[in-house]
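From a predicted model like this one, the values you see are computed outputs, not experimental measurements.
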Amino acid sequence: MKRHKVIATLLASLLMAVSASAILAPGRANRSSAEVTDSLKDSSIFVLKPDSAHATPVKAKPAAINLLARCYGDSIVLRWAPEDFVTWNYLNQVGYNLYRIYTDKSGQYHDDLIAKGIRPQTLEQLRARYPESDSLAFVAVGMLYGKGEVMPGQTREPYGEVGGMLEVYDDQQTKFAFAEMVSEWRPDVAQAIGLRYVDRDVKPGVRYEYILQPAKRDPHGRLPIAPGQVEVTCTKYKPMTYTPAYSDSVGKALNVLLRWEDAVNSAFEVERRLEGETEWQRLTKRPYTSALDLGLTQENTSRYADVVEKPGVYEYRVLAYDAFGDLLVSSTTHKVRVGDLDAPTAPVVRRILIDRDGNPDSLQTITAHIEVEKPYVEDDCIGLMPLYYNERYTGKQWKRLTETMYNPHDTVLTVDVTGLATGMLTIAAVDTAGNMGYSMPVQLRIEDKKAPEPPLNFKASVEPNGRIHLSWSPAPQDRGDIAFYEVAAANDSTHEFMIISPQQMRDTTFTDSVAVDVNQKYIYYRVRATDYASNIGRYTAMLQVERPHLLPPTPAHLDTLVVDTAGIHLCWIAGADKAIILHNVYRRLEGQADWELIASYEADQVAANDYRMCVEDNPPFNNQRRYEYVVESFNSTGISSGPSLVVSAMNDRNTAVDVTLKLIGRYDAKAGRTRLSWDCHGQQPEGERYWGVYVRKPGSDTFEYLISEDLNDLMHSDRVLSAGESADYYVVLLYSDGRSSNPSNIVTVTAPTKQ
């Protein structure tokens, strides 16, 4: 189990050496997990404080027994590992007791001691079971019964000192780690040395709890050990998907270093095959573990060095042993290309001829004819590759001049170098393994006579204070060959443009400050590029930029306002300022603080409609408060006109709610009350609503509002009537915003005359 490390911290080692406490108290064989846990509560040790000669009881953390379980359908396998060598050594002597707790399918509770005194087999039993040729088994045997461990008198430092104690501790932990490691590889060995148990008396679907604890209390009361506990349902184990992350490095002489990441398992098998083959070759003669897995570092990377027979593409996969000895096969493979590392002999560049075809001021094609010589062409040399370097074009790297390679026997390489400036050239000879032999670099002289193209993405942003920020980007074919830019401006598109940028400006941005109090709406800009060969490019198209406007726009004013059953109709006359670009219309209920944007109009659209801006609004019904409207205009600088004068209107059109109410009533003589009830037919619109009850009392000619009832209560009772009197009732569905339904039918209720 990979969690066991050989090197522990000094603090941990000292605590291991001096830990002492009462272990689980003996009792009846069958105990619940709660009872086992409770038995640890009174465990304590006695340690001498430096400033006292008296022993003081101090609680010590018990050592753990790490217990795992796995069901294979017809059996449950238990694997465990004590926390450290001291605990392991003690438990090997006293043995383990294993308890099983479960409730069977009939509901019967079971609490059983199923194994008593589990401990390693004797040396004689192990020798009889395993031949000496079984080196893995004898590793575990040697860890249990072998001699030669570091004794207190054999340490490099005196044993009483920290260094000597740590040296003994490290040796003990190493023995323990190797025993645990072999137990992961070999389930039979794990069982033989008392670290594994198979429970075959299990039933499918039943959940079992296992408790593993020392079979005997430490007679000196120095070693507290917490029991191992685990629960498992008996369902057949399905192997997990194993997908380690692979990487590799290839060295000389066909050497491959395979690496993989695994934070759980510590023992592996490595297999290899040539790409295209179906059978895997096992490279490990016995389970492999990296030194890193012994805890020498905190890394989770394992490495395996391999030497292949010949160049080619090889596939590798790793198989891992888990804590139960099951072999997990990697579901992924890793490909490694192994080739020779000897580069071909380098060619020699003899001469370069430059050929130009076409008009230098337009699309001229430039071709380089490179004369090369390669005295010896290797059998695996597959071609020649021209490479070019000019930091403005290629950055810090060499760039291929062609997508395909030339035949290694060619003596003249014809390469298109159109658009490139003078730079360095080398010819690489390439073999089948990708190794390259480079010629001595030479200068590739290309005279540039083509002017740059006009820059692209020429645009501007304007600040209210009169600052105009211009930006652009070079044409792709000129990128890296631009020496500087020039920006020119004019106040009119028919005027002559004047250069306003500083000399030799290499930035692709420029900021101009313009007057904001002149009588021109626009200013015009152009930009052009000059390359390193002093070729001057053409200007961009004119960029028209609207100057900032600092005066607020003229506010709009109301022209007409009409309210009808369709809603509220408003029409404003907007300001005719040329700088206005946008009009916003806002609405709110009378008394509210915030305005709601209900419409936006572009200024050009409004100007085309004789500066009339008409709004058809249908706000929610409200006959209690008026709706208010304003218009706010903005110019191109973002300056606002401020809100126009507020206009208001009442949206009190038809309020009838289309539902039908049916009312019935009677007089309850026993209770002396009028009883009314009603029902509602039709969909009730959303909104805060309630029932209104109206009454025409005796002697009155008109109905008056009597009371409101909760929406969920469709009944009413009152004591309006005296004996012999009659009253008329109807009910209405009322909304808090003023809407209401038509009244129900009228019901007459008469109180009987007293006998």
Side-chain angles (χ1 to χ4, degrees), residues 1-3 24 26-39 64-83 88 91-92 94-121 125 129 140 179-180 182-216 225-242 264-265 267 320-329:
M1 299 180 182
K2 196 166 186 174
R3 55 184 169 272
L24 295 172
R28 63 185 180 89
N30 300 331
R31 291 182 292 171
S32 68
S33 58
E35 290 176 308
V36 172
T37 304
D38 290 341
S39 66
I65 302 175
N66 300 295
L67 179 62
L68 301 175
R70 177 174 294 169
C71 181
Y72 291 90
D74 59 349
S75 63
I76 294 177
V77 174
L78 301 168
R79 275 279 289 117
W80 58 86
E83 185 173 317
W88 176 60
L91 291 171
N92 285 343
V94 303
Y96 307 81
N97 284 348
L98 179 61
Y99 299 87
R100 182 181 64 197
I101 302 171
Y102 69 99
T103 301
D104 61 26
K105 293 184 178 180
S106 66
Q108 180 67 33
Y109 175 79
H110 297 267
D111 179 4
D112 306 318
L113 172 63
I114 61 173
K116 186 175 182 180
I118 301 173
R119 57 169 56 86
Q121 295 180 358
Q125 290 173 324
R129 180 171 182 175
E180 281 293 336
V182 174
S183 298
E184 291 188 5
W185 304 338
R186 294 276 296 273
D188 60 318
V189 173
Q191 190 145 341
I193 65 173
L195 295 176
R196 183 177 185 268
Y197 182 84
V198 181
D199 184 7
R200 303 188 186 279
D201 183 19
V202 294
K203 303 295 182 183
V206 176
R207 187 166 187 81
Y208 295 93
E209 179 183 4
Y210 293 92
I211 300 175
L212 187 71
Q213 67 179 42
K216 185 183 297 184
I225 302 176
Q229 296 176 255
V230 68
E231 293 185 8
V232 61
T233 300
C234 190
T235 56
K236 190 171 182 180
Y237 165 68
K238 295 181 180 179
M240 62 176 287
T241 300
Y242 184 51
V264 178
N265 305 296
Y321 291 91
D322 66 11
F324 291 88
D326 291 328
L327 193 58
L328 308 176
V329 181

Could you pull out all residues at least two apart from Y242 that satisfy side-chain hydrogen bond (donor to acceptor under 3.5 Å, both in side chains)? D262
Is there a donor-acceptor pair closer than 3.5 Å between any side-chain N or O of N265 and the backbone N or O of A320? no
Can you measure from OG1 (T103) to NE2 (H110) and round to the nearest 0.5 angstrom? 7.5 Å
Any donor-acceptor N/O pair, D322 side chain to F324 backbone, under 3.5 Å: yes
Do any N or O atoms from the side chain of E83 and from the backbone of A64 form a donor-acceptor pair under 3.5 angstrom? yes
Could you grab the distance from atom NZ of K238 to atom SG of C71, nearest 0.5 Å is fine? 12.5 Å
Restricting to non-hydrogen atoms, name the atom on W185 and the atom on P187 that form the minimum distance, rounded to 0.1 Å. O-CD, 3.5 Å
Please determine whether side chain to side chain contact (heavy atoms under 4.5 Å, CB included) holds for the pair I118 and L98, giving the CA-CA distance in whole Å, both sets of side-chain angles, and the decisive distance to 0.1 Å. CA-CA 8 Å; I118 301 173; L98 179 61; 4.2 Å; yes
Test side chain to side chain contact (heavy atoms under 4.5 Å, CB included) on Q229 and L212; report intermediate values, then the result. CA-CA 7 Å; Q229 296 176 255; L212 187 71; over 6 Å; no
Can you tell me how far CG of L328 sits from OG1 of T241, rounded to the nearest 0.5 angstrom? 9.5 Å
Would you please name every residue forming a side-chain hydrogen bond (donor to acceptor under 3.5 Å, both in side chains) with Y72, sequence neighbours left out? D326
Step by step, would you call L78 with V230 a side chain to side chain contact (heavy atoms under 4.5 Å, CB included)? CA-CA 9 Å; L78 301 168; V230 68; 4.3 Å; yes
Residues two or more places apart in sequence or in another chain: which of them pass salt bridge (Lys or Arg N to Asp or Glu O under 4.0 Å) with D74? none
I225/Q213 under side chain to side chain contact (heavy atoms under 4.5 Å, CB included): CA gap, chis, key distance, verdict: CA-CA 8 Å; I225 302 176; Q213 67 179 42; over 6 Å; no
Contact summary for G73 and C234, nearest pair of heavy atoms: O-SG, 3.5 Å
Here the gap from E180 atom CD to N66 atom CG, rounded to the nearest 0.5 Å, amounts to 9.0 Å
Under 3.5 Å donor-acceptor, R79 side chain and A323 backbone: yes
Taking all atoms of both residues into account, what is the closest heavy-atom pair of A192 and R129, and its distance? CB-NH1, 3.5 Å
Under the ring pair (Phe, Tyr, Trp, His ring centres under 6.0 Å) rule, what do Y197 and W80 come out as? Steps first, then yes or no, please. CA-CA 9 Å; Y197 182 84; W80 58 86; 7.5 Å; no
What I'd like to find out is whether the side chain of R200 reaches to under 4.5 Å of the side chain of V198, using heavy atoms alone. yes
Side-chain touch R70/V232, heavy atoms, less than 4.5 angstrom: no
Say you draw a straight line from CG of D112 to CD1 of I114; how long is it, rounded to the nearest 0.5 Å? 8.0 Å
Below 4.5 Å, heavy atoms only, C-beta onward: do Y96 and L195 meet side chain to side chain? yes
Identify the heavy atoms of A179 and I193 that sit nearest to each other, and give their distance. O-CD1, 4.1 Å
Any donor-acceptor pair under 3.5 Å from R119 side chain to G194 backbone: no
The criterion is side chain to side chain contact (heavy atoms under 4.5 Å, CB included); which residues satisfy it with A215, sequence neighbours excluded? N97
Of all residues at least two apart in sequence or in a different chain, which pass the side chain to side chain contact (heavy atoms under 4.5 Å, CB included) check with V329? R317, L319
Hey, what do you get for CG (D111) to CD (E209), rounding to the nearest 0.5 Å? 9.0 Å
Report the residues that fulfil side-chain hydrogen bond (donor to acceptor under 3.5 Å, both in side chains) with Y210, sequence neighbours left out, ordered by chain and then residue number. D199
For R207, all residues meeting side-chain hydrogen bond (donor to acceptor under 3.5 Å, both in side chains), sequence neighbours excluded: E231, T233
Residue set satisfying salt bridge (Lys or Arg N to Asp or Glu O under 4.0 Å) with D201, at least two apart, ordered chain then number -> R100
Across all chains, not counting sequence neighbours, the ring pair (Phe, Tyr, Trp, His ring centres under 6.0 Å) partners of Y208 are Y102
